[in-house]
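Notes for the one structure printed next.
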Amino acid sequence: MSAPTPGPTGSPGTFVRAAHVITMHARTGSRPVVANVRFADGVLTGIGPDVRPEPGDTVLDGTDRLVTPGFVNAHTHSWEALFKGRYDNLPLELWMLFSYPILGDARVSPDLVRLRSRLFAAESLKAGVTTLVDDVLETPGQEFDQLDAVVDAYDEAGVRANVSGHVINRPFTDTLPFLGELLDPAVAERVRRAPLLSAEEYLTFSREAFDRYRGRAGGRLRYMVAPSGPQRCTDDLLAGATELALREGAECHVHVLETKTQAVTGQESYGATLVEHMARIGALSPVTTFAHGIWVTPSDVELMAAHGVSVSHNPVSNMKLGSGIAPWRAYHDAGVPVGLGSDGCSSSDSPRMLDVLKAAALLHKVSGPDFTRWPTVEEVLRAGTVGGARTAQLHTTTGSLEVGKRADLLVWDLATLAFTPRNELDLQLVHSENGSSLESVYVDGRLLVDRGRLTTLDEAALVAELAERREELRSWQEGLGRLNEVFVPAFTAMHHRAAARDVGVDRWADREAQPVG
C-alpha cells in the first residue's frame, strides 16, 4: 500500500526505512508489504515505498523488522490484577464470589488503585497492547478518587484506554436463577440491604465523568459507560446509559450471555433471551459492545447485526471459566464486528493479547469439521487490532496503520527463532510468536517500550512496592473469601440446575458430557 506524504509537520518525526509492514488496512489486510513508515506529532504521515524522511527525522533501519498495529484489548478488568493466579476450576458465577466478593468491604484505596493500574499498564504495554478497554468495577461502589487514580496511571504510562464506570444496581443474588429457593433467606437479605445506585445517580456520575475526562491526554483517555449486564441493571439504567453513550459517541460496554446460567436467567426473568429483552427496552445500538456473547441464539445474532452491536470475544477466559465457545463464524457471517479481549487477570491471568489471538485461531477449529469455516489468521489479526478498535468506538483513531491515524504501532525483530525460517509472517505472528521478538512499542508516536524496557514506568519499583504489600493483600483477600464461602452450596446447585436446562443452543465442546448434580 502506498500513501502520499503530507508537507512538513510541526516537529521532527520518526522514519522506518524498508520494513515489512502489516497495515490491517482494508486493501492489504494482514498481507505484509515492504514499505517505509513515517510518523510525526503522534500521527502516521506516510506509508509506502515512495515515502521519504523529513529533515530532522529519526531514521530507523527496517531491515529484518516487522511493523504492525498495536493490539487492542477490547475487554479487560484491571481490578483483577490483584487477584492474578488465585483461582482455578470455578465457573463464572462461583469464581465471582471470590474475585468480586458480595459480602465484605472490598474497597481499594486510591493509592492501591494507582499502583494496580500502573502494573497492569506495564504488563500490557510490554505485551504489545497499545489500547485497553478497561471495564473498571470497584466494590462496593466506584468513587471519583478511584477513577481518577486509574486515569492518572494510564496518563503516566502513555497507553490508550477507554475506562469505565461499571455499575450493578440490582442485588446480586436477584440477578441469578433459582437462588430464591436455594439460598439461606438471612444471607439473601444481607445482600439486599446493601445500598445500590439508582439509574439517575449513575447517569449523573457518568455525565460528570465525561466532562471530567474530556480531551484527557489529547483524547487518548476516554470514559465509557458500562452497565454490568442486562440482568444486573434496571431497565432505566440500561436504556439511559445507551442514550448517553450515543450522545457522547462513546462505548456502552455490557456483559451479555457469558454463561449458560445467564441464558437461563433470561428465560426465568424475562421470558425471552437477554438480547431480546435489551432490544425491547432500547438498549441495543451501534455503540453497544457485548462482552463475551457466547450463549446467543441465531435470532440474537440477527438482532445484534440489525442494531450494529459489536462483540468482544474472550477465548482464554471463556475456556478457563468453562463458559463455552462463542459463535465466531456466525458473527462474521452476519457482519457483527468482533474484537478480542483478554478479560481480567483473575479469569485469564494475563493481559497478553498474543495468547488471546492464538487461542481464537485454534479454538474455533474444533467447533466443526468444515475447515472452510475455520478462522483465518487475517480474521484473527483484524479482531485483535482494528476490530477491537471498532468495538471501542476508536476505529477512526487506531487499530490499523493508515495515514491520518494515530501512530500506535509495534516493531518486531524478525531475526529471531520465532520467525526462523521466515515463511508467512502473519501466520508466524499468530502461531509462532510469544512476545519475545517485540522490540518497540509506540502509542501516539511516543516510544513506550524500547527493547523490553518501559520508558515511562519504573517496572522494578512497581514490583517491589506491590511485594511490600503482599501479606496485607493476601490477608484481605483470604478474609473476603471466608466471608463469601457461605454462598458456595447454593451457587453450586444453581450452576448444575442451569447447566441441565435446554436454552435452544449448546456452546460447550463435549456434546456427550452429562450435567452433574
Side-chain angles (χ1 to χ4, degrees), residues 75 77-79 100 106-108 110 113 132-152 154 161-172 174-175 191-216 219 221-256 265 269-270 274-291 304 307-310 312 391-394:
H75 177 67
H77 302 281
S78 61
W79 151 278
Y100 292 83
R107 187 181 191 275
V108 180
V113 170
L132 295 170
V133 176
D134 189 2
D135 191 7
V136 183
L137 170 64
E138 307 289 357
T139 57
Q142 189 179 59
E143 299 172 5
F144 269 119
D145 58 355
Q146 295 171 312
L147 191 56
D148 284 344
V150 179
V151 174
D152 289 347
Y154 289 166
N162 286 358
V163 180
S164 82
H166 184 120
V167 63
I168 297 172
N169 80 324
R170 296 183 61 203
F172 196 78
D174 293 352
T175 69
V191 176
R192 292 193 186 98
R193 286 200 302 266
L196 295 167
L197 290 179
S198 69
E200 187 50 42
E201 286 171 329
Y202 174 71
L203 294 174
T204 297
F205 177 91
S206 293
R207 284 189 285 266
E208 182 176 343
F210 277 120
D211 290 339
R212 190 183 190 99
Y213 305 119
R214 197 181 311 280
R216 182 66 181 267
L221 303 175
R222 305 178 76 200
Y223 179 76
M224 69 177 182
V225 291
S228 183
Q231 76 280 20
R232 299 181 194 138
C233 297
T234 56
D235 292 353
D236 56 344
L237 190 150
L238 278 164
T242 304
E243 181 181 352
L244 179 58
L246 281 166
R247 188 181 312 135
E248 292 286 344
E251 181 179 6
C252 183
H253 198 83
V254 192
H255 290 73
V256 180
T265 300
S269 298
Y270 306 112
L274 292 179
V275 180
E276 290 168 343
H277 175 68
M278 292 178 74
R280 291 172 185 171
I281 64 172
L284 299 180
S285 79
V287 299
T288 302
T289 295
F290 286 1
M304 293 169 67
H307 287 84
V309 172
S310 302
S312 173
T391 73
Q393 302 302 308
L394 295 172

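Everything quoted here is computed from the prediction, not taken from an experiment.
Contact between Ala241 and Leu203 at its shortest, heavy atoms only, is N-CD2, 3.6 Å. When every heavy atom of Thr288 is checked against every heavy atom of Ala283, the shortest pair comes out as OG1-O, 3.8 Å. Of all non-hydrogen atoms in Ala392 and Arg222, the two that sit nearest each other are O-NH1, 4.1 Å. Across all their heavy atoms, Ile168 and Leu196 have their closest contact at O-CD2, 3.7 Å.
One distance of note links OG of Ser312 with CZ of Phe290; it measures 12.5 Å at 0.5 Å rounding. In this structure, Glu251 CD and Thr391 OG1 are separated by 5.5 Å, a value rounded to the nearest 0.5 Å. Taking CD of Glu143 as the start and CZ of Arg107 as the end, the distance is 4.0 Å to the nearest 0.5 Å. Rounding to the nearest 0.5 Å places CZ of Arg247 at 9.5 Å from CZ of Phe210. Note that OH of Tyr213 and CE of Met224 are 13.5 Å apart. Values are rounded to the nearest 0.5 Å. Here the CG atom belonging to Leu284 is positioned 10.5 Å from the NE2 atom belonging to His277, to the nearest 0.5 angstrom.
Side chain of Asn169 to main chain of Thr234: a donor-acceptor pair is present (N/O by atom type, distance under 3.5 Å, no hydrogens or angles).
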Residue pair Trp79, Thr139: steps toward the side-chain contact (heavy atoms from CB on, under 4.5 Å) verdict
CA-CA 10 Å; Trp79 151 278; Thr139 57; 3.5 Å; yes
Decide yes or no on side-chain contact (heavy atoms from CB on, under 4.5 Å) for Glu138 and Val113, but give the supporting numbers first.
CA-CA 10 Å; Glu138 307 289 357; Val113 170; 4.0 Å; yes
Derivation of the side-chain contact (heavy atoms from CB on, under 4.5 Å) call for Asp152 and Arg216
CA-CA 10 Å; Asp152 289 347; Arg216 182 66 181 267; 2.8 Å; yes
Run the numbers on Leu238 and Ile281 for side-chain contact (heavy atoms from CB on, under 4.5 Å), then give the verdict.
CA-CA 8 Å; Leu238 278 164; Ile281 64 172; 3.9 Å; yes
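The shortest side-chain heavy-atom distance between Gln231 and Leu274 falls under the 4.5 Å cut-off. Counting heavy atoms from C-beta on, the side chains of Leu137 and Ser228 never come closer than 4.5 Å. With a 4.5 Å cut-off on side-chain heavy atoms, Val287 and Gln393 count as touching. Between Leu237 and Val167, some side-chain heavy-atom pair lies under the 4.5 Å cut-off. Counting heavy atoms from C-beta outward, Ser285 and Cys252 have side chains that stay 4.5 Å or more apart. Looking at Tyr154 and Ser78, their side chains come closer than 4.5 Å, going by heavy atoms from C-beta outward. With a 4.5 Å cut-off on side-chain heavy atoms, Gln142 and Leu147 count as touching. Within the 4.5 Å cutoff, the side chain of Phe205 has no heavy atoms near those of the Val225 side chain.
Residue pairs meeting the ring pair (Phe, Tyr, Trp, His ring centres under 6.0 Å) criterion with at least one member in residues 227-256, sequence neighbours excluded: His75-His253, His75-His255, His77-His255, His166-His255, His255-His292.
The cationic group of Arg212 lies under 6.0 Å from the six-membered ring centre of Phe144 and within 45° of the ring axis, placing it in a cation-pi geometry.
Between Ser164 and Tyr223, the side chains place no donor N or O within less than 3.5 Å of an acceptor N or O (distance only, hydrogens not considered). Judged purely by distance below 3.5 Å, without hydrogens or angles, the side chains of Glu208 and Thr204 never pair a donor atom with an acceptor atom.
Residues Glu248 and Arg214 are paired through a salt bridge, judged by an N-O separation under 4.0 Å between the basic side chain and the carboxylate.
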